[in-house]
Amino acid sequence: MGGSEQKFVNEAFETNWIAPLGPNVDGFENDIQHYLGNNSQVAVLSSGTAAIHIALQLLGVSKGDEVLCQSFTFSASANPILYQGATPVFIDSEKDTWNMSPELLEIAIRDRIEKYKKPKAIIAVHLYGMPYKADDINAIARKYEIPVVEDSAEALGSTYHNQACGTLSDMGILSFNGNKIITTSGGGALITKSLEQKNKAVFLSTQARDHAPHYEHSSVGFNYRMSNVLAGIGRGQMEVLDARVAARRHNYNFYKAHLSKYDAISFLDEPEGFYSNRWLTCVITESFELREHIRLTLLEEGIESRPLWKPMHMQPVFKDCLHFTDGTSEALFDKGLCLPSGSNLSQDNLESILHIILKSLKYHDKQLF
Ligand SMILES: *Cc1c(COP(=O)(O)O)cnc(C)c1O
């Protein structure tokens with residue numbers, strides 16, 4: 001926590017706004033809108049997953065529809081497709097950003113139009129905070145008139161040609177889960193381009209209650225709104241967001257400065273005009289064996305690191321889904337490692353992590369040569 005979260009939470013208690021509405025909900029939404037700019041309209045919800053679910057409903061995704069989704073992501077990007085009774089079709093990544101490949105996206109769209117019908121939506125992800133190639137993805141989406149949901153759960157604070165991630169495509173989502181760059185313990189937001197869409201999102205996420213003195217419902221609703229208590233945490237967290245981004249980028253720069261001279265390790269640089277919040281620092285090692293060696297050496301010292309996301313087309317739950325892949329995300333999963341990346345890592349922490357990684361690299365080299 002940053003410091004002033006408690007003040008906003010106390011205000012909620014003192015004013016008895018212990019409900020999924022109130023001054024903190026409004027205040028948090030205003031803060032996010034102000035931060036993102038670009039005329040964004042924000043509805044804060046119970047999770048990022050809920051935000052994707054509401055986005056798909058606003059776009060009319062339903063049974064029998066197909067939704068094109070980045071394969072290299074966390075499962076929460078894809079699960080809401082199934083909640084709607086629709087079918088995911090997975091698209092592989094390209095090498096510059098590790099995000100959705102525009103080439104494979106277009107191949108998939110053409111294939112689906114030819115063999116089935118036009119996909120109902122595209123879910124692209126700014127994975128690990130690195131923006132996807134929004135101009136290319138949007139151009140293809142516009143050409144075939146398919147809306148894009150921008151999964152910005154990991155990319156609050158990232159920008160693409162100076163425009164905030166979350167506002168680049170038709171609808172964006174954010175997550176404030178405990179592991180994200182700022183947190184409300186659990187929470188999320190839907191970012192829309194119009195107040196009308198935002199109001200519709202709020203309506204659906206507060207049980208779709210029609211305007212009447214009694215309880216009247218003409219559509220299926222959800223209980224997805226954010227609590228005023230948690231929104232208080234969010235207001236406090238917005239005050240430290242820029243510092244969090246700076247801390248995460250410092251982690252990345254530290255690791256890169258000390259490790260990029262080794263051929264066995266590589267980093268994902270920002271293409272021109274791309275600015276990543278560096279939510280997690282990820283490296284690609286020369287082999288699965290080296291990746292595991294580094295991971296297990298860190299673990300012996302009580303330090304956790306993790307393989308990169310396992311692509312959705314490799315997941316048992318999605319094994320029957322169609323996918324358009326070329327091996328890129330499979331290789332990333334095979335050789336990639338997320339290094340310790342918390343915003344609260346001290347210089348001492350970073351030095352000792354580095355020391356252990358260097359030790360394991362030396363050991364590995366001896367085994368090799
Ligand atoms: C965390 C995350 C989500 C889901 O957000 P929750 O708030 O945890 O539901 C969706 N997509 C990606 C890429 C994520 O990392």
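Below, all heavy atoms of this structure are taken into account, side chains as well, without hydrogens, waters or symmetry copies. Whatever order the structure lists ligands and atoms in, that order sets their numbers, starting from 1. This structure is a prediction, so every number in the text was calculated from the model and none was measured. We number each residue from 1, following the sequence as shown.
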* Asked: Do the ring planes of F318 and F90 sit parallel (below 30°), tilted (30 to 60°) or perpendicular (above 60°)?
  -> perpendicular
* To do: Fit a plane to each ring of H53 and F222, take the angle between them on a 0 to 90° scale, and name the class: parallel (under 30°), tilted (30 to 60°) or perpendicular (over 60°).
  => perpendicular
* Taking side-chain hydrogen bond (donor to acceptor under 3.5 Å, both in side chains) as the test, write out the residues that go with K63, two or more places apart. => none
* Asked: side-chain hydrogen bond (donor to acceptor under 3.5 Å, both in side chains) with S352: which residues, sequence neighbours excluded?
  -> none
* Have E239 and S4 got a donor and an acceptor in their side chains that come within less than 3.5 Å? -> yes
* Structure fact -> The answer, listing residues by chain and number that come under 4.0 Å of ligand 1 through any heavy atom, is S47, G48, T49, T73, F74, A76, S77, V125, D151, A153, E154, S175, N177, K180, G187
* Which pairs, with at least one residue in residues 320-353 and sequence neighbours excluded, count as a ring pair (Phe, Tyr, Trp, His ring centres under 6.0 Å)? -> H313-H323
